[in-house]
Engineer: 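Provided herewith is a single structure, encoded as structure tokens, for subsequent inquiry.
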Protein chains: 2
Amino acid sequence: MKDKISIVGAGLVGSLIAVMLKKKGFSVQVFEKREDPRNSLVAQGRSINLALSHRGIQPLKLAGVYDTIAPFLIPMNGRMMHDQSGALTYQSYGKEGQFINSVSRAQLNELLINSAEESGVEVYFNHKCTDIDFEKNNISFENGVSVESDLIIGTDGAFSALRKKLQFTDRFNFSQHYIEHGYKELSIKPINGEFGLEQNYLHIWPRGNFMLIALPNNDKTFTCTLFFPFEGSPSFAQLSSKTEVDSFFDQFFADAKALIPDLSDQFFENPTSSLITTKCEPWNKGRSILLGDAAHAIVPFYGQGMNSGFEDVRLFIEMSEKMNWDWDSILPSYSQQRKKDADAISELALMNFIEMRDHVGDPIFLKRKKLEAKIQEQFPNEWIPLYSMVTFSDIPYSEALRLGKIQKQVMDEVLQSETEEIDYNKIIERFNALKKVG
Amino acid sequence: MKDKISIVGAGLVGSLIAVMLKKKGFSVQVFEKREDPRNSLVAQGRSINLALSHRGIQPLKLAGVYDTIAPFLIPMNGRMMHDQSGALTYQSYGKEGQFINSVSRAQLNELLINSAEESGVEVYFNHKCTDIDFEKNNISFENGVSVESDLIIGTDGAFSALRKKLQFTDRFNFSQHYIEHGYKELSIKPINGEFGLEQNYLHIWPRGNFMLIALPNNDKTFTCTLFFPFEGSPSFAQLSSKTEVDSFFDQFFADAKALIPDLSDQFFENPTSSLITTKCEPWNKGRSILLGDAAHAIVPFYGQGMNSGFEDVRLFIEMSEKMNWDWDSILPSYSQQRKKDADAISELALMNFIEMRDHVGDPIFLKRKKLEAKIQEQFPNEWIPLYSMVTFSDIPYSEALRLGKIQKQVMDEVLQSETEEIDYNKIIERFNALKKVG
């Protein structure tokens, strides 16, 4: 248990696994290319707030850091939809008492780095990884430092340096895909010292091919994000003047615009960012392994980027413990077992963009949601809606995706059938039968 | 027309487009990272011979270099299949007089570099590209040289340095995928001064999940290639001793083994190489563009890697001439128009591996081949078999793929129907109807 573990990347996933491995008795050091975020006001070039849910909370609890983080969370009980006239509709995320949590990425990261240092992890900032020797388990940094380790963990995000090195080794499969949409963040300031929108919701302005969302922050601001095509009509390419921005928001997001007096200034001051999905295989080589975004960067629409990364940590630690910390057996096993779930959440995240921006206001979608609520009422233990499986359970993502597709098929059959009376026993029988086959 | 054009990579595609652009009046220079292949005996780490067919021949003719190359070509009229007992079956590739040509990669490359230099192209070897500035159209080389150009063409192959630079620019989609199989080349020496196998054929030993093929060379040798899984049973991983290699070949390729006395020596001396497919988009940025393998590396099973690269050259030159050499309009148009065809040949090449290794000996496959021959006999201008569309025509690959799928559907319908009598008019009607829909 005296193994020396080097972690590349002190982001959310890297800091969390550092804490956990340190507590298991290893010698752990983390190397981060950026400067210490606790000393700087430099923006991190990533989204401002995130939605923390079950799969993310559980590992935080196991690491013993959840209680430090809990005070900073803002519960979001469901989606609050804003139509073009400003009228509101509400959809709860789950059962009574089930919610997701808005949390600041920067705040959470600082708390986790603090926890790592407090537990005895050495954290080195301004260490940019420039090379990895997969034979010697050696990492080289831009500043001349070079470190040998028993285990190297790459938690350096969607543009991982470790993965980049893997990409140029033989038989490494890799893909990076950008969607047609980019995003831009805008801020709703407090109104008379209070939240400008109802606090405990994730607000959505679904508009077909694009949408605006807003999540609450601790300082009573809301961070809005516009997800919008780069090209076409309408698109970022078409909004080149303040007048164009104002009239676009007047038309589509009038109620939000009323809360952002400096909207067009913000629009041109804030960057337009792109949205990437990356996949690769295998995640391991020699004594190195990728976790989190470095292994599987996904689009943000299921709120599962951080949560899946934290779940990676839990599963990796649990498997390692079970396999007696025998890295040479653990790395290929973990990589092989977890891959299908990473692929599944990647697909789910892309699907959920369509749902959020387009379907949440759709009558057929609402009809299906109503039907599902009734089925669930009758069979709460047998029928768990897809969103709940992903957000409030430990069911592997790949199984959730499989069951979700079966649920959709069963509900489509019911909605297409001519009969007036709905036989819920038949529905659950059909579901259970299809479930077994796959 | 005084534009200065820099080409990165003096392989087959780079040398060919250099000749064509020089003849159009441009100032053309080619930079190659390797040393001059004409002065060295260093192996190029790529397959030894290739199958040149219509899409490759046409651009060679347009460039005025075909006559220099023709004497080195060996026609292959069809597939000669070897079953496990050594019995032979023959399938012609096309109509009477249609054949593909075995050609040495090294020889062809040298002839094309000669042609480039003779036409006034400057070719610089030992120039390894290390950076591209897409704003300034500037290429930097490892030796300190730096070159500005009006147009940069990346023809530097499946592991293109230019594409690698593009990969780390925003919104560049990219994938690299290795199949489960690798390959190993083996040589059949002349027997009593003559070819060891019948000369004018591509020989195939189809064995289900793997296969051996052989192509003739000018020195009366045959180059055999074993396409074989890296892992599993049987696989490269399982053949670790000379005895294992010998008994494997005795079992599956006895007639080939009889022609290679030093088989197990060759097996362990020659490398085992992997097979990659790469896709990316867009191929252009600023005044830079990728062509050939750099844009779309494919597996070799349709014999279309070089041919598709040469067709890239023809289409790029034709489009450029039509658009008056206005690079800023040409590069995005070319990239956008050609992409679907590159994707199609990529898919076709993967499909043809299954056909070659598994189906060519299959009774259902042979039945379909017979049916197709009869349909073609009746409607030679309306029904062109997929292999012929790909190999002997200019039909865009994407259209060939689409029509090939329709043909398969129509033939499946006929083979599954109960009727004894085959109505060929009905078949062609059905084909033409489906053809219109898509």
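Protein chains get the first letters and strands the later ones, always in sequence-line order, with residue 1 at the start of each.
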Engineer: Taking side chain as C-beta onward, heavy atoms only, is A:K164 less than 4.5 Å from B:F168?
Structural biologist: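 Yes, at least one pair of side-chain atoms sits under 4.5 Å.
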Engineer: Would you say the side chain of A:F174 lies within less than 4.5 Å of the side chain of B:H177, judging by non-hydrogen atoms?
Structural biologist: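 They are not in side-chain contact.
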Engineer: Is chain A contacted by the side chain of B:I179, its backbone, both, or neither, given a heavy-atom distance below 4.5 Å?
Structural biologist: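 Contact with chain A: backbone only.
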Engineer: Please answer whether the main-chain N or O of B:F172 pairs with a side-chain N or O of A:Q176 as donor and acceptor at a distance below 3.5 Å.
Structural biologist: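 A pair under 3.5 Å: yes.
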Engineer: Just checking heavy atoms, which of residues 132-139 of chain A are less than 4.5 Å from chain B?
Structural biologist: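 Hits under 4.5 Å: none found.
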Engineer: Hey, is CD on A:Q336 packed in by over 12 heavy atoms from elsewhere, all under 6.0 Å?
Structural biologist: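 No - once you tally the heavy atoms of other residues, nucleotides and ligands closer than 6.0 Å, there are 12 at most.
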Engineer: If you take all heavy atoms of A:E231 and B:R171, which pair is closest and at what distance?
Structural biologist: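 Minimum heavy-atom contact is OE2-NH1, 4.5 Å.
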Engineer: Does anything in residues 343-351 of chain A get under 4.5 Å of chain B by heavy atoms, and if so which residues?
Structural biologist: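 Interface residues of residues 343-351 of chain A: none, nothing closer than 4.5 Å to chain B.
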Engineer: More than 12 non-hydrogen atoms from neighbouring residues, nucleotides or ligands closer than 6.0 Å to NZ on B:K33, yes or no?
Structural biologist: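 At most 12 heavy atoms, drawn from other residues, nucleotides or ligands, come within 6.0 Å of this atom.
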Engineer: Within the supplied structure, the quantity of interest is the number of heavy atoms (other residues, nucleotides, ligands) at a distance under 6.0 Å from B:E180 CD; does it exceed 12?
Structural biologist: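 No, not enclosed.
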Engineer: Pairs of donor and acceptor atoms involving the side chains of residues 297-306 of chain A, under 3.5 Å and at least two apart or interchain, shall be tabulated with distances.
Structural biologist:
{"unit_1": "A:Q304", "atom_1": "OE1", "unit_2": "A:Y397", "atom_2": "OH", "d": "2.6"}
{"unit_1": "A:Q304", "atom_1": "NE2", "unit_2": "A:S53", "atom_2": "OG", "d": "3.3"}

Engineer: Locate the shortest heavy-atom distance separating B:T169 from A:Y178; write the atom from each residue and the value.
Structural biologist: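 Closest approach of B:T169 to A:Y178: O-OH, 4.3 Å.
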Engineer: Heavy-atom distances under 4.5 Å only: say whether B:E281 touches chain A with side chain, backbone, both or neither.
Structural biologist: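 Nothing of B:E281, per the 4.5 Å heavy-atom cut-off to chain A.
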Engineer: What residues form a side-chain hydrogen bond (donor to acceptor under 3.5 Å, both in side chains) with B:Q266, not counting sequence neighbours?
Structural biologist: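 side-chain hydrogen bond (donor to acceptor under 3.5 Å, both in side chains) check on B:Q266 returns B:D262.
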